[in-house]
Novice: 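Quick one: this structure, given as structure tokens, is what I'll be asking you about.
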Amino acid sequence: MLDVQLLRNELDDVVNRLKQRHYVFDVERFSVLEKERKQVQMATQELQAQRNALSKDIGQAKAKGLDATSLMEKSHTINAELETAQQALSSIQSQLEEILLSIPNLPHSSVPVGDSADQNVEVRRVGQPREYSFTPKDHVDLGEGLMMMDFNRASILSGARFSVLKGPLARLHRALTQFMLDIHTQEHGYQEAYVPYLVSATTLKGTGQLPKFEADLFKVLREDADPLYLIPTAEVPLTNFVQDTIVEEAHLPLRLTAHTPCFRSEAGSYGRDVRGLIRQHQFDKVELVQIVHPDTSYTALEELTRHAETVLQRLELPYRVMLLCTGDMGAGATKTYDLEVWLPGQNAYREISSCSNCEAYQARRMQARFRNQKNKPELVHTLNGSGVAVGRALVAILENHQNEDGSITIPQALQPYMGGIKVLKRS
RNA sequence: GGAGAGAUGGCCGAGUGGUCGAAGGCACUCCCCUGCUAAGGGAGCAUGCGGUCAAAAACUGCAUCGAGGGUUCGAAUCCCUCUCUCUCCGCCA
């Protein structure tokens, strides 16, 4: 959520910057509503002030044993007016609120302007894609060849876009999460957390998934209670650790990590990546979240991105870092780096991590603040990044470390987590 | 699932219809005092939104005592519904 003051005072500038990310802001509607709001709010508050004063007078009159009938009649009249005014005000305010909640964040000045992923800028490339003396297979052929990946069974259990892993490949999946969590907790200073996978609408509103992106979520209806939603990423519960709280400045930055499953309905993505593990309704991810002082959020973004990169480096996976252009960023972000891992099976770099600074966008929605030097509450900045997507890391390992006979060499760094298994091969 | 108790500011905690945005304490900030990382004295100290303003400061209005509704001229206080927390019983991994 943007600061309303910004919209009131620098509307033209904001509108132009939003255009860069294809958001068309209805200036006319906002201006009219805002003008009404000001007028109605002032009138309402004036009436409330009058009512309060009258009530006080009535109290005093009664205390002195005087007759307060005429004062009470006056108060009745005011209350009737107030009723109408309050209804008008709350209608206007909820309309403004709705607008405000749907506006995306403003891109940082260092972000390239562009329409689509084509205008993203490559920042650096790390590692050389291997030369193969044979035609590399994709992860589906490899996994099914090993008899350890079963999409057929998954579709019987749940339908499309689910998967079943078996045997050492399932273990590899588990090993990856342990490995990633160990790096981030032991080397990068993150606190590990275990969090709910079902969260409330309020929580999702805090991080920006609601109200605008409800279609992407799995919703769990309950008979006698509000619905809950399956988390689309651990960013949601982790970032909301500071929902509605004031943190001591000395406690910043907060660095949090968690391994969770993520559930995405991916409405609108049908037809893309239908084959394999790349795009699933359920996948695991190790998430990194930082809650920081506003002065340090861009340094923190660089660090956080490096933290995610470390994982790929240790797994000996070639990748590149992309700076997303204005048209390709998520709604809450001011600046985003995507890590794209090399997939020989697709002969392409594919996203495996996305690291974003959201500045105060989420903090304002969550009312997440810290007490600054002047002892005043001030909004924190929030960052999040995948550190990294487990399913896609598994894909990358299969494809990059495959051998001609269809076996997979486990990278050195992962071997301690595999109980002595160095190679995955068909038994 | 059953029975009971509770929810007040950063924290603890008083407050059963008016002058209560809320006593007192802790923490925090500033000042004074003090022969030394302690003690004492004084002052300040909730959040959100609005208005005056280019903005800040300052001043001022409104709202907020778990949430939502109701009674009333007036609600932290009375009534209803809900949520959450705690204790005991049952059930369960």
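All chains are named by letter (A, B, ...) in the order of the sequence lines, taking the proteins before the strands, and each is independently numbered beginning at 1.
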Novice: Need two values: the first and the last nucleotide of RNA chain B, 5' to 3', having an atom under 4.0 Å from any heavy-atom of chain A.
Specialist: G18(B) to U83(B)
Novice: When the P atoms of U85(B) and U29(B) are compared, how many Å lie between them, rounded to an integer?
Specialist: 34 Å
Novice: Classify the nucleic acid contact of Arg364(A) as base, sugar-phosphate or nothing, counting any heavy atom under 4.0 Å across all strands shown.
Specialist: nothing
Novice: Both distances under 3.5 Å, Watson-Crick or G-U wobble: report the partner of U83(B), or none.
Specialist: A7(B)
Novice: Pairing check on G21(B): which nucleotide meets the Watson-Crick or G-U wobble criteria with it, both distances under 3.5 Å?
Specialist: none
Novice: Do Arg161(A) and Asp273(A) sit within salt-bridge range, that is, some charged N less than 4.0 Å from a carboxylate O?
Specialist: no
Novice: If I pick the P atom on G48(B) and the same atom on A39(B), what distance separates them, to the nearest angstrom?
Specialist: 32 Å
Novice: Which residue, Arg51(A) or Arg369(A), contacts RNA chain B at a nucleotide closer to its 5' end, judged by nearest heavy atom?
Specialist: Arg369(A)
Novice: Pairs of donor and acceptor atoms involving the side chains of residues 80-89 of chain A, under 3.5 Å and at least two apart or interchain, shall be tabulated with distances.
Specialist:
| residue | atom | partner | partner atom | Å |
| --- | --- | --- | --- | --- |
| Glu83(A) | OE2 | Gln87(A) | NE2 | 3.3 |
| Thr84(A) | OG1 | Ala80(A) | O | 3.2 |

Novice: Quick one: label Gln5(A) by what it contacts on the DNA or RNA (base, sugar-phosphate, nothing), any heavy atom closer than 4.0 Å.
Specialist: sugar-phosphate
Novice: Work out how far the P atom of G24(B) is from that of G44(B), and round it to whole angstrom.
Specialist: 11 Å
Novice: Testing Asn120(A), Leu324(A), Thr305(A) for side-chain contact (heavy atoms from CB on, under 4.5 Å) with Tyr337(A), which one passes?
Specialist: Thr305(A)
Novice: If we take the P atom in both A14(B) and G4(B), what is their distance in whole Å?
Specialist: 23 Å
Novice: Checking all strands, does Lys74(A) fall into the base, sugar-phosphate, or nothing category for heavy-atom contacts under 4.0 angstrom?
Specialist: nothing
Novice: Under 4.0 angstrom, heavy atoms only, what part of the nucleic acid is Asn79(A) near: base, sugar-phosphate, or nothing?
Specialist: sugar-phosphate
Novice: Considering every strand shown, what is the Watson-Crick or G-U wobble mate of U34(B) when both distances are under 3.5 Å?
Specialist: none
Novice: Tell me whether the rings of His188(A) and Tyr190(A) are parallel (<30°), tilted (30 to 60°) or perpendicular (>60°).
Specialist: perpendicular
Novice: Looking only at atom P, what distance separates G66(B) and G10(B), rounded to whole Å?
Specialist: 13 Å
Novice: In the structure shown, which nucleotide is the Watson-Crick or G-U wobble counterpart of U77(B), with both distances under 3.5 Å?
Specialist: none
Novice: Mapping Asn9(A) and Arg222(A) to their closest nucleotides on RNA chain B, which lands nearer the 5' end?
Specialist: Asn9(A)
Novice: Under 4.5 Å between any side-chain heavy atoms of Thr233(A) and Arg264(A), yes or no?
Specialist: yes
Novice: Base, sugar-phosphate or nothing for Asp57(A)? Non-hydrogen atoms, less than 4.0 Å.
Specialist: nothing
Novice: Taking any strand in view, what nucleotide pairs with C49(B) in a Watson-Crick or G-U wobble way, both distances under 3.5 Å?
Specialist: G61(B)
Novice: Does Ser55(A) reach a base, just sugar-phosphate, or nothing at all? Heavy atoms under 4.0 Å.
Specialist: base
Novice: Taking atom CZ of Arg275(A) as the centre, does the number of heavy atoms from other residues, nucleotides or ligands within less than 6.0 Å exceed 12?
Specialist: yes
Novice: Hey, what do you get for CG (Leu204(A)) to CZ (Arg365(A)), rounding to the nearest 0.5 Å?
Specialist: 10.5 Å
Novice: Base, sugar-phosphate alone, or nothing: which one does Leu54(A) contact when heavy atoms must sit under 4.0 Å apart?
Specialist: nothing
Novice: With rounding to whole Å, what would you report as the distance between A76(B) and A22(B) at their C1' atoms?
Specialist: 8 Å
Novice: Under a 3.5 Å cut-off for both contacts, is U72(B) paired Watson-Crick or G-U wobble with anything, and if yes, with which nucleotide?
Specialist: none
Novice: Answer yes when Glu303(A) and Arg306(A) have at least one side-chain N-carboxylate O distance shorter than 4.0 Å, and no when they do not.
Specialist: no
Novice: Distance check, C1' atoms only: A27(B) and C84(B), in whole angstrom units.
Specialist: 27 Å
